[in-house]
Amino acid sequence: MEARKNIFLIYFLLAGSTFAQSFHNPSLNGEETSTNLGEVESRENAPDLEFQYHDHDQMTRYLRAVSAKYPELTALYSIGKSVQGRDLWVMVVSVSPYEHMIGKPDVKYVANIHGNEAVGRELLLHLIQYLVTSYATDPYVKWLLDNTRIHLMPSMNPDGFAISREGQCDTIHGRHNARRHDLNRNFPDFFKANTKQPQPETEAVKQWISKIQFVLSGSLHGGALVASYPFDNTPSSRICRSSVLCSVFQNYEHTPSISPDDDVFKHLSLVYSKNHAKMSRGVSCKSGSPRFENGITNGAAWYPLTGGMQDYNYLWHGCMEVTLEISCCKYPPAHELPKYWQDNKQSLIKYLAEVHRGAHGFVMDENNNPVERAAIKIKGRDVNYHTTNFGEFWRILLPGTYRMDISAEGYLPQEVEFIVIDSHPTLLNVTLRSAKDVTTRPTTSESEEAMTTSIITTTMDPEETIVFPED
């Protein structure tokens with residue numbers, strides 16, 4: 001605990017200056033592109049990755065080769081096994097691949113949850129390749145990997161992929177896992193009881209996201225060209241757990257099911273669609289299929305579903321996930337993969353960078369120890385987030401003025417007002433006072449004084465502004 005406390009003290013001392021500088025636009029200074037990792041191999045010297053579909057063994061060999069080639073930037077791990085015993089691989093790409101960077105967020109992409117939707121599986125392999133080979137030469141990639149831990153799961157359903165067939169655009173063969181369960185209908189549902197038998201793949205993902213506090217996520221699918229955001233389901237008043245939350249819904253089929261963070265989800269979806277080569281045009285994939293304005297849609301407005309992964313991420317774990325439908329054909333011919341990579345490359349990278357928008361910081365006690373599982377709630381947004389075991393929190397928000405409630409068992413609650421701007425995240429460090437130390441109710445002036453002295457809000461000097469790097 002003493003070592004952890006020292007880490008936080010160092011972080012707080014540096015927060016007002018070097019934290020801001022760490023997000024400077026590296027393209028403004030050529031020296032910023034240098035790396036402490038020594039010689040990072042060029043893309044030409046990276047493990048071979050052709051634009052073709054890779055079966056499970058080929059994918060495993062490639063991931064292991066990349067991990068061996070770039071040990072300073074990558075870590076390969078399995079979160080579990082499929083029904084038929086195939087590893088559910090995840091590759092971390094970051095300057096800190098083996099351990100969480102205190103004060104810096106974890107993000108993820110999950111692909112191939114439906115086994116016959118194969119494009120995302122290959123795109124994540126190429127994203128891995130691009131990130132590790134661009135770190136030394138691309139300032140934006142360097143900034144992203146220096147300040148973010150990126151977890152990439154190319155295939156959540158390797159068994160389904162194994163029986164799918166290239167060129168099949170519309171069939172459902174291979175969609176389900178080996179027990180014929182749709183994995184994107186297999187998660188607990190906030191609004192309606194999900195009676196489906198839990199599957200090994202979904203159980204592994206649930207364990208995974210319960211251990212790592214992901215802030216932002218994308219789920220890659222195929223069969224349409226749209227970014228679909230929560231909620232996927234529409235609540236039923238019989239079992240809905242929050243009357244405030246439920247009151248904002250209309251219980252009609254194919255109407256939007258609005259989340260408390262609807263503005264943020266729309267923004268995240270637009271970031272992906274507008275950086276995509278075609279998605280924002282809202283072009284229909286085929287005659288009779290819907291057109292999506294700006295290439296985005298509310299999930300339930302498209303079609304309601306129970307047991308989806310994106311609602312589960314958001315409501316159970318405070319991870320903002322968007323479903324990214326990236327190809328009209330679910331399993332197109334391999335010769336089209338270069339086109340899909342070029343269409344999506346910019347979107348895949350820019351979307352992850354949005355994790356650095358909004359507010360973040362630490363919740364500590366009076367002895368500078370982190371307060372774990374403190375509840376973080378933004379006024380007017382009826383959904384709780386929680387701090388990590390290091391006391392960290394992140395809240396993706398758009399520019400504006402907000403009030404945040406912070407509470408934890410055994411502590412006096414706090415309320416903080418803060419401003420979010422577009423050019424850099426707002427740093428909030430909050431100190432909670434122990435309820436045991438309060439023997440009398442403080443007066444109004446005493447309460448205001450306690451509030452003033454317990455919050456450290458970093459106000460950046462103009463010369464220290466955190467900015468998102470340009471391309």
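Since the model is a prediction, treat every value here as computed from it, not as a measurement.
Taking Lys108 as the reference, Glu321 meet the salt bridge (Lys or Arg N to Asp or Glu O under 4.0 Å) condition, with sequence neighbours excluded. Contacts of Cys319 classified as disulfide (SG to SG under 2.5 Å), with partners at least two apart in sequence or in another chain: none. For the ring-ring contact (aromatic ring centres under 6.0 Å, His included) test, residues two or more places apart in sequence or in another chain that qualify with Phe214 are His151, Trp208. Every residue two or more places apart in sequence or in another chain was checked for a salt bridge (Lys or Arg N to Asp or Glu O under 4.0 Å) with Glu201, and none qualifies. Under the ring-ring contact (aromatic ring centres under 6.0 Å, His included) criterion, His317 pairs with Tyr312, sequence neighbours left out. Residues that satisfy the side-chain hydrogen bond (donor to acceptor under 3.5 Å, both in side chains) test with Ser219, not counting sequence neighbours, are His221. For Lys196, the side-chain hydrogen bond (donor to acceptor under 3.5 Å, both in side chains) criterion is met by no residue, not counting sequence neighbours. Taking the ring-ring contact (aromatic ring centres under 6.0 Å, His included) definition, one finds that Tyr331 meets it with Tyr53, Phe161, sequence neighbours left out. When the ring-ring contact (aromatic ring centres under 6.0 Å, His included) test is applied to Tyr62, no partner is found at least two apart in sequence or on another chain. Applying the salt bridge (Lys or Arg N to Asp or Glu O under 4.0 Å) rule to Asp159 yields the partners Arg86; only residues at least two apart in sequence or on another chain are considered. Remark: Asp106 pairs with Arg149 by the salt bridge (Lys or Arg N to Asp or Glu O under 4.0 Å) rule, at least two apart or across chains.
In this structure, Tyr351 and Tyr272 have perpendicular ring planes: the angle between them is above 60°, well past the 30° mark. Below 30°, between 30° and 60°, or above 60°: for Tyr314 and Tyr385 the angle between ring planes is above 60°, a perpendicular geometry.
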Quiz: residues 398-405 side-chain donor-acceptor pairs under 3.5 angstrom, not counting sequence neighbours:
{"residue": "Tyr402", "atom": "OH", "partner": "Leu398", "partner atom": "O", "Å": "2.6"}
{"residue": "Arg403", "atom": "NE", "partner": "Glu415", "partner atom": "OE2", "Å": "2.6"}
{"residue": "Arg403", "atom": "NH1", "partner": "Glu417", "partner atom": "OE1", "Å": "2.3"}
{"residue": "Arg403", "atom": "NH2", "partner": "Glu415", "partner atom": "OE2", "Å": "2.3"}
{"residue": "Asp405", "atom": "OD2", "partner": "Lys379", "partner atom": "NZ", "Å": "3.3"}

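Side-chain atoms of Ser327 never come within 3.5 Å of backbone atoms of Gly222 as a donor-acceptor pair (strictly under, hydrogens ignored). No donor-acceptor distance shorter than 3.5 angstrom exists from the side chain of Asn298 to the backbone of Ser228, with no hydrogens or angles considered. At least one donor-acceptor pair closer than 3.5 Å links the side chain of Thr387 to the backbone N or O of Val371. Not one N or O on the side chain of Ser257 forms a donor-acceptor pair closer than 3.5 Å with the backbone of Phe231.
Side chains of His54 and Glu122: a donor on one and an acceptor on the other come within 3.5 Å. Of the N and O atoms on the side chains of Asp182 and His114, at least one donor lies less than 3.5 Å from an acceptor on the other residue. Side-chain atoms of Asn233 and Thr306 form a donor-acceptor pair, as typed in the model, at a separation below 3.5 Å.
Cysteines Cys169 and Cys329 place their SG atoms closer than 2.5 Å to one another.
Minimum heavy-atom separation, Pro158 to Ser82: CG-CB, 4.0 Å. Nearest heavy atom pair, residue Ser94 against residue Pro97, reads O-CD, 3.3 Å. The two atoms that bring His360 and Pro425 nearest to each other are CD2-CB, 3.9 Å, heavy atoms only. Counting all heavy atoms, side chain and backbone alike, Met59 lies closest to Ser155 at CE-CB, 4.3 Å. Of all non-hydrogen atoms in His176 and Asn157, the two that sit nearest each other are O-ND2, 3.3 Å.
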task = Give the C-alpha distance, both sets of side-chain angles, the deciding distance and a yes or no for salt bridge (Lys or Arg N to Asp or Glu O under 4.0 Å) between Lys339 and Asp343.
result = CA-CA 6 Å; Lys339 175 192 69 175; Asp343 286 352; 5.6 Å; no
message = Using the rule given for side chain to side chain donor-acceptor pair (under 3.5 Å), can you reason through Gln199 versus Asn186, listing the C-alpha separation, both sets of side-chain angles and the distance that settles it, and then say yes or no?
response = CA-CA 7 Å; Gln199 296 302 297; Asn186 198 241; 5.1 Å; no
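If you run side-chain contact (heavy atoms from CB on, under 4.5 Å) between Trp302 and each of Thr297, Thr323, Asp232, only Thr297 comes through.
Taking the six-membered ring wherever Trp is involved, the centroid distance between the rings of Tyr135 and Tyr70 does not fall below 6.0 Å.
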